[in-house]
Undergrad: 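Below are the structure tokens for one structure; questions will follow.
Residue numbers start from 1 in every chain, and the chains themselves are labelled A, B, ... in the order their sequence lines are given, proteins ahead of strands.
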Amino acid sequence: MDQQLLDKYWNGETSLLEEQDILNEMAKSSGRDSLYFKMIAEARKQKSSLKIEDIKTYNIQTATPQPRMMVLPVYRWVASAAAVLLFAIAALGLWNYTHQQTKPDIMADSFDDPQKAYEEVRDALAFVSSKLNKSQSEALINIKKAGTYAEMFK
Amino acid sequence: MLRCLNKINSFTFIQTNIMKSLFLSLLTLLITSVSVSAQEDAITKYFSKYIDDTTFTSVYISPKMFNMVSKVEIKDMDPEVQQVIASMKGLRILHTEKNTLKYYQEALKAINTNEYEVLLTARDKGENVRFMVKESGDIVQELLMIVGGDKDFALMSFIGNIDLKKIGKLAEALNIDNLGYLKDLDQKK
């Protein structure tokens, strides 16, 4: 094996012809590096069906986003109709619910006669008024009491 | 062909946008209406719970009746009372003599303290009296009185623009203290 030629190969200075010579020679020999060159020779024999164009188109395909899936217009309408239906049902349910709630709140008037109603209101007001005054004066007494206690602990 | 496709695309885009906003607005509408109905005041619920209970004496005077009272000529109308009634819109009273303390506690729990503010609390011979008000701004919109003792439980709600000073002066003006009102209420029924 021409060591000079081999050195030239490792330096990457060989021509294609010289490389072919090395490969041919190494196929026969079984010395150092021969396994490496046999592998290269084997790799050269294998051919890919892929062309540069194929790779280019693949790259373009992956780079450009996929067009959005078209939804059939019929499905679009069905979807919106379903949404509207859902809201209609929800609104109906809500209306029913609130209606049901407000029903017992409409209480019957206790009086039909304004005169009697007036008397009732007057009595109720008088009651509240007196209670209010009583509570108020009591609260005042309590405040005074609290004041005297506060004085005691001064 | 491509242009046509583009048009369709933009059309559907606008459509979905409209749908989205429609959906959102409907959703907010739904939520607000739910929350509004949820805000129904506790006292109304409390009243409607016991209004048909035979152990309770109840009085309800509607805004309509208040309207009539202020329009129709009434015998022996006290001017002080008239002033108060003119700004009132409703009166609700519940009274019972059974399980009084239990109902008292229940009523206190049912009241939303965010809505009602305690005005006064007093205890007199084992009887608790609590005044609460619902205000908007400085105006009292509802005066609530809760009485709870061994003998009586009463809940009184005065709705309208309530002037507490005027109400305080009423007892003096009418020259009656009317502390036996609750007893009379039961006898009338």
Undergrad: Under the salt bridge (charged side-chain N to carboxylate O under 4.0 Å, His left out) rule, collect the residues that match up with B:E80, sequence neighbours excluded.
TA: none

Undergrad: May I ask you to name which of A:D112, A:V84, A:L125 has the most heavy-atom pairs under 4.5 Å with chain B?
TA: A:L125

Undergrad: Do B:F66 and B:I159 belong to the same hydrophobic cluster, where Ile, Leu, Val, Met, Phe, Trp and Tyr are linked whenever their side-chain heavy atoms lie under 4.5 Å apart, directly or via other members?
TA: no

Undergrad: Distance check, rounded to the nearest 0.5 Å: B:L119 atom CG versus A:S135 atom OG?
TA: 9.5 Å

Undergrad: Quick one: CG on A:L132 to NZ on B:K169, what's the gap to the nearest 0.5 Å?
TA: 12.5 Å

Undergrad: For residues B:I139 and B:L164: do they belong to one hydrophobic cluster (side chain heavy atoms under 4.5 Å, members Ile, Leu, Val, Met, Phe, Trp, Tyr)?
TA: no

Undergrad: Around atom CG of A:L17, are there more than 12 heavy atoms of other residues, nucleotides or ligands at under 6.0 Å?
TA: no

Undergrad: Which is it for B:E127 and A:K131 under the salt bridge (charged side-chain N to carboxylate O under 4.0 Å, His left out) test, yes or no, and what are the steps along the way?
TA: CA-CA 11 Å; B:E127 191 181 66; A:K131 274 278 182 201; 2.7 Å; yes

Undergrad: So which part of A:Y118 gets closer than 4.5 Å to some heavy atom of chain B, the side chain, the backbone, both or neither?
TA: both

Undergrad: Are more than 12 heavy atoms, taken from residues, nucleotides or ligands other than A:L50, located less than 6.0 Å from that residue's CG atom?
TA: yes

Undergrad: Based on non-hydrogen pairs under 4.5 Å, which of B:R123, B:K64, B:K71 is most in contact with chain A?
TA: B:R123

Undergrad: Pair A:V121, B:F158 - check side chain to side chain contact (heavy atoms under 4.5 Å, CB included), show working.
TA: CA-CA 10 Å; A:V121 174; B:F158 298 81; 5.7 Å; no

Undergrad: Under 4.5 Å from any heavy atom of chain A, what part of B:I93 do you find: side chain, backbone, both or neither?
TA: side chain

Undergrad: Would a 4.5 Å heavy-atom cut-off, applied to side chains only, mark A:F111 and B:V59 as touching?
TA: yes

Undergrad: According to side chain to side chain donor-acceptor pair (under 3.5 Å), does anything in residues 145-157 of chain B pair up with another residue at least two apart or in another chain? List the pairs.
TA: B:R92-B:S157, B:H95-B:D152, B:E142-B:S157

Undergrad: Looking only at heavy atoms, which of residues 81-91 of chain B get nearer than 4.5 Å to chain A?
TA: B:V81, B:V84, B:I85, B:M88, B:L91

Undergrad: Please round to the nearest 0.5 Å and tell me the distance separating atom CZ of A:F127 and atom CE of B:M156.
TA: 6.0 Å

Undergrad: Going by the rule side-chain contact (heavy atoms from CB on, under 4.5 Å), which residues pair with A:N133 if we only count those two or more places apart in sequence or in a different chain?
TA: A:S129, A:Q136, B:A171

Undergrad: In terms of hydrophobic clustering (I, L, V, M, F, W, Y; side-chain heavy atoms under 4.5 Å; direct or indirect links), are A:Y36 and A:L6 co-clustered?
TA: yes

Undergrad: Working to the nearest 0.5 angstrom, can you tell me the gap between B:M65 CE and A:S110 OG?
TA: 9.0 Å

Undergrad: Count I, L, V, M, F, W, Y as connected when their side-chain heavy atoms are under 4.5 Å apart, and connections chain through other members. Are A:I22 and A:W10 then in the same cluster?
TA: yes

Undergrad: For residues B:Y116 and B:V118: do they belong to one hydrophobic cluster (side chain heavy atoms under 4.5 Å, members Ile, Leu, Val, Met, Phe, Trp, Tyr)?
TA: yes

